[in-house]
Asker: 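Submitted below is the structure of interest, expressed as structure tokens.
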Amino acid sequence: MDTEGDLVHGSWLTTVDADGAVRTAGLFAALRSAHTVRRLELPVPTMLPALLRQMLLPVVLDAIGVPRTRQEWAERFNRGRFSDVEVAQLTAYLGARYGDRFRLFDDKRPFAQVARLEALSGETKSAAQLVPSIASGNNVPLFSAVTEGDELLLTPEQALLWLLHAHCWDTASIKTGAVGDPQAKNGKTTGNPTGPLGQLGVTVLVGRNLFETLMLNTPVLPAGLDPADRPQWAWDERPASLGWKSPASPEWSPRPAGGVLDLLTFQARRIRLIPCETEQEPRVHRAIVSAGDRLAQTPEWDPHTAWSHTAKPKAGQPRRRPRRHASGRSAWQGLGTLLALAVPVEGDGPYTSVLLRQAGDLRAEDVLPANYPLGVEICGLEYGTQSAVVENAVGDSLPLPVASLLAEDDWLRAAILECVSQADQAGRALDHLNNDLRRACGGDPLPRDKGQRPSSQFLHTLDATMRRLLGGLRTVGEDDDLLERAQVAWELSVRAAAVGEAEALLAAAPPRAVVGRVEKHNGKEVVYRSGKAAGIFYKKLAEILPRLPGSGSDNGEAAA
């Protein structure tokens, strides 16, 4: 990358080709050869949606246009690459039209930054404030090899990625007051929300290569893009009547998203990267991060999140709100949300993302073949203490049979959700067994929010099996017998894992658990002893796994 940080032609993006070769490329080269790029090499899972939304997708959508029909989407997808005409459009877009706006260290219009941004205090801070995993201010990760007193030198490539990441995921901590920001008080700005993605449970569809990933994350818009909808680098083309502040100035405003391009490139912060010269090349060692635009509300057409649907919302609240991912759970444990293709008829419930519903529609029209290797990547950040610090990161990926996304045909979807439910029920049965054994020993049940539960190890044991199952179901077609055999095999795996955990719990119980003890509940005496607890567990396991006659009942009798 040159001294100006040319993002169009500089080698800043690390890619992995289908043959495993690792290369570096600029923005234009990566898009032109997107069909040969298997995946992007990025430092953290939360970086993928940041890069897709803040740069790759809006460049493609604005340069080429969005498909207005599923047929148009199919024509693009089936070509398997950008056509010569589309490459020419990208060339013009990243050349004469906007090429000079993709420079990281430009004096007048640095990419995704505010030129000459200054803090009211006249001070700058370490570039570590851009990286959530490094100690900075109140954000002090448990495991960080760098302290706030250490100087962090980011390469231009690293600085760009963390710049985009900050616009999407930055914490809600107090921000530096900027010169020229009339809303800054006492040298700071308070009341900041997290970055827009920090309020979502982000779900990204992944294909066999970068081109297919871009297409899978491209929504079909019958009306096309609104002419007033412009990405952040073309902010000067937005109608003045909107009254929105320029993202290239220190001023900001709370406002709605003006369209897909505006939403994807939303500038939630005002940032300036400050480089220094080193023996190798320029490094970013300081930065200013100030308050930026505040998204009034996540629109229901945001493509990268699932939703919580509320039948009777409170006054002033939307009917749907973004649904966040829960930490400590694999992606497949949340399939009930990912496969919720219809709005709950009664009551509250989940509703899947725009893009997953679109993928189901494309499968229904045979645009996506039944055996297409669709992947889903989920990610999110968990914040603590008024969302001012990052406490945990969520990231996972899994294969997903596209046939399970067919809205009008739920046979495969029902089977997958049954498998997920069986794992969940068996895990709860193990936790119940553990609590009964604790009572039999004279102790108390494990508190709901403390301690390591047997279900955690059990679900971890099943993780690889579930992923193999989902991968195998991509090719099940309409073969009911094959699906039934797959479910039987799954139940065998569930039983083996559950019985293994149960036997370990029973073996660890002290002799006094055999005799047990009596407790009073609601005026009734209840006996807790290991034999009775085992019998209840094995009976419950047999009910959970109906395809396995006598599921574990002999074990229960022996234990008793």
Side-chain angles (χ1 to χ4, degrees), residues 1 5-8 10-15 24-28 30-31 39-62 94 98 101-106 109-114 117 127-134 152 154-171 175 194-200 202 204 210 213-214 217 231-235 247-248 257 260-275 284 287-290 292-293 295 302-304 377 379-381 390 393 395:
M1 190 180 290
D6 183 358
L7 306 180
V8 175
S11 299
W12 59 272
L13 187 59
T14 303
T15 64
T24 57
L27 175 58
F28 177 69
L31 291 176
R39 60 183 174 84
L40 302 174
E41 192 71 28
L42 299 170
V44 291
T46 48
M47 195 70 78
L48 176 60
L51 183 58
L52 280 176
R53 289 171 66 107
Q54 285 281 323
M55 185 179 288
L56 300 182
L57 270 175
V59 165
V60 172
L61 299 182
D62 200 27
L94 294 173
Y98 294 121
R101 302 187 183 188
F102 287 84
R103 293 174 182 168
L104 194 61
F105 302 126
D106 188 75
R109 295 189 66 157
F111 182 77
Q113 301 168 72
V114 177
L117 183 69
Q129 64 182 317
L130 300 172
V131 187
S133 58
I134 295 179
L152 178 67
L154 297 176
T155 65
E157 296 81 6
Q158 294 170 330
L160 170 64
L161 292 176
W162 288 116
L163 167 68
L164 301 180
H165 194 273
H167 279 299
C168 295
W169 298 99
D170 191 35
T171 66
K175 302 303 167 190
T194 66
L197 295 192
Q199 303 169 41
L200 314 180
V202 175
V204 175
L210 178 58
T213 296
L214 289 169
N217 288 277
Q232 60 89 0
W233 51 83
W235 59 265
V260 173
L261 299 177
D262 180 37
L263 176 66
L264 295 178
T265 63
F266 201 84
Q267 300 292 277
R269 298 293 181 264
R270 302 291 188 254
I271 301 175
R272 176 188 167 199
L273 302 178
I274 302 174
V284 173
I288 298 174
V289 179
S290 299
D293 293 332
L295 189 62
D302 187 300
H304 291 123
E377 294 199 9
C379 61
L381 290 184
V390 175

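Sequence positions, counted from 1, serve as the residue numbers for this chain.
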Asker: Output side-chain donor-acceptor pairs under 3.5 Å for residues 158-165, partner residues at least two apart or in another chain, one line each.
Answerer:
from: Q158; atom 1: OE1; to: T155; atom 2: N; distance (Å): 3.0
from: Q158; atom 1: OE1; to: T155; atom 2: OG1; distance (Å): 3.4
from: H165; atom 1: NE2; to: T46; atom 2: OG1; distance (Å): 2.7

Asker: Just verifying a value: how many Å separate L381 CG and T194 OG1, rounded to the nearest 0.5 Å?
Answerer: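 It comes to 9.0 Å.
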Asker: Where is the tightest heavy-atom contact between L210 and A30, given as atom of each residue plus distance?
Answerer: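 Shortest heavy-atom separation between L210 and A30 comes out as CD2-O, 3.9 Å.
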Asker: Testing the basics here: between T265 and P58, what is the closest heavy-atom pair and its distance to 0.1 Å?
Answerer: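 Nearest pair, atom of T265 first, then P58: CG2-CG, 3.5 Å.
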Asker: Which residues pass the side chain to side chain contact (heavy atoms under 4.5 Å, CB included) test with Q267, not counting sequence neighbours?
Answerer: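 By the side chain to side chain contact (heavy atoms under 4.5 Å, CB included) rule, Q267 matches Q54, A112, H167, Q232, P247, R270.
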Asker: Calculate, to the nearest 0.5 Å, the distance between atoms CG and OG belonging to L117 and S290 respectively.
Answerer: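 Interatomic distance, L117 CG to S290 OG, rounded to 0.5 Å: 4.5 Å.
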Asker: Among all residues two or more places apart in sequence or in another chain, which pass the side chain to side chain donor-acceptor pair (under 3.5 Å) test with D62?
Answerer: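 By the side chain to side chain donor-acceptor pair (under 3.5 Å) rule, D62 matches Y93, R230.
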Asker: How long is the straight-line distance from CD of Q129 back to CD1 of I288, given to the nearest 0.5 Å?
Answerer: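 Interatomic distance, I288 CD1 to Q129 CD, rounded to 0.5 Å: 8.5 Å.
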Asker: Could you pull out the closest heavy-atom pair between F102 and V8, with the gap in Å?
Answerer: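 Looking at all heavy atoms of both residues, the shortest contact is CB-CG2, 3.7 Å.
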Asker: Out of curiosity, L56 CG to T213 OG1, how far, rounded to the nearest 0.5 Å?
Answerer: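 That separation rounds to 10.5 Å.
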Asker: Taking the side chain as everything from C-beta on, heavy atoms only, tell me whether L48 gets closer than 4.5 Å to C379.
Answerer: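 With C-beta onward as the side chain, the pair stays apart.
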Asker: Between N217 and H304, is there a side-chain heavy-atom distance shorter than 4.5 Å?
Answerer: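 Yes. Closest side-chain heavy atoms under 4.5 Å.
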Asker: Taking the side chain as every heavy atom from C-beta outward, state whether L152 and V284 have any pair of such atoms under 4.5 Å apart.
Answerer: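 Side chain of L152 against side chain of V284, heavy atoms only: no contact under 4.5 Å found.
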Asker: Under a 4.5 Å cut-off applied to non-hydrogen side-chain atoms, are L295 and Q199 in contact?
Answerer: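 No, their side chains stay 4.5 Å or more apart.
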Asker: CG/L57 to CG/L261 distance, rounded to the nearest 0.5 angstrom?
Answerer: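 Output value for this atom pair is 10.0 Å.
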Asker: Identify, with sequence neighbours excluded, every residue that meets side chain to side chain contact (heavy atoms under 4.5 Å, CB included) alongside T15.
Answerer: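 For T15 the side chain to side chain contact (heavy atoms under 4.5 Å, CB included) partners, ignoring immediate neighbours, are L13, D17, R23, V37, L40.
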Asker: Side-chain contact, heavy-atom cut-off 4.5 Å: W169 with P132?
Answerer: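 In short, these two side chains do not touch, never coming nearer than 4.5 Å.
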Asker: Report the distance from atom CE of M55 to atom CG of L7, rounding to the nearest 0.5 Å.
Answerer: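 Output value for this atom pair is 5.0 Å.
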Asker: Give the minimum heavy-atom separation between G195 and A268, together with the two atoms involved.
Answerer: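 So the minimum-distance heavy-atom pair works out to CA-CB, 4.4 Å.
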Asker: Mind checking what makes salt bridge (Lys or Arg N to Asp or Glu O under 4.0 Å) contact with R272, not counting sequence neighbours?
Answerer: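 None.
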Asker: Holding to side chain to side chain contact (heavy atoms under 4.5 Å, CB included), I want the full list of residues that pass it with R101, two or more places apart in sequence or in another chain.
Answerer: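 Only Y98, R109, W233, A234, D236 meet the side chain to side chain contact (heavy atoms under 4.5 Å, CB included) criterion with R101.
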Asker: Grab the two heavy atoms, one from W12 and one from L51, that are nearest each other, plus how far apart they are.
Answerer: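 Scanning both residues completely, I find the closest heavy atoms to be CH2-CD1, 4.0 Å.
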Asker: Over all heavy atoms of both residues, which pair between G5 and F105 is shortest? Give the atoms and the distance, please.
Answerer: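 Taking G5 first and F105 second, the nearest heavy atoms are N-CD1, 4.1 Å.
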Asker: Do the side chain of Q113 and the main chain of L273 share a donor and acceptor less than 3.5 angstrom apart?
Answerer: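 Checking the backbone N and O of L273 against the side chain of Q113, a donor-acceptor pair under 3.5 Å is found.
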Asker: What pairs of residues pass the salt bridge (charged side-chain N to carboxylate O under 4.0 Å, His left out) test when at least one of them lies in residues 47-61, not counting sequence neighbours?
Answerer: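 Those involving residues 47-61 are R53-D302.
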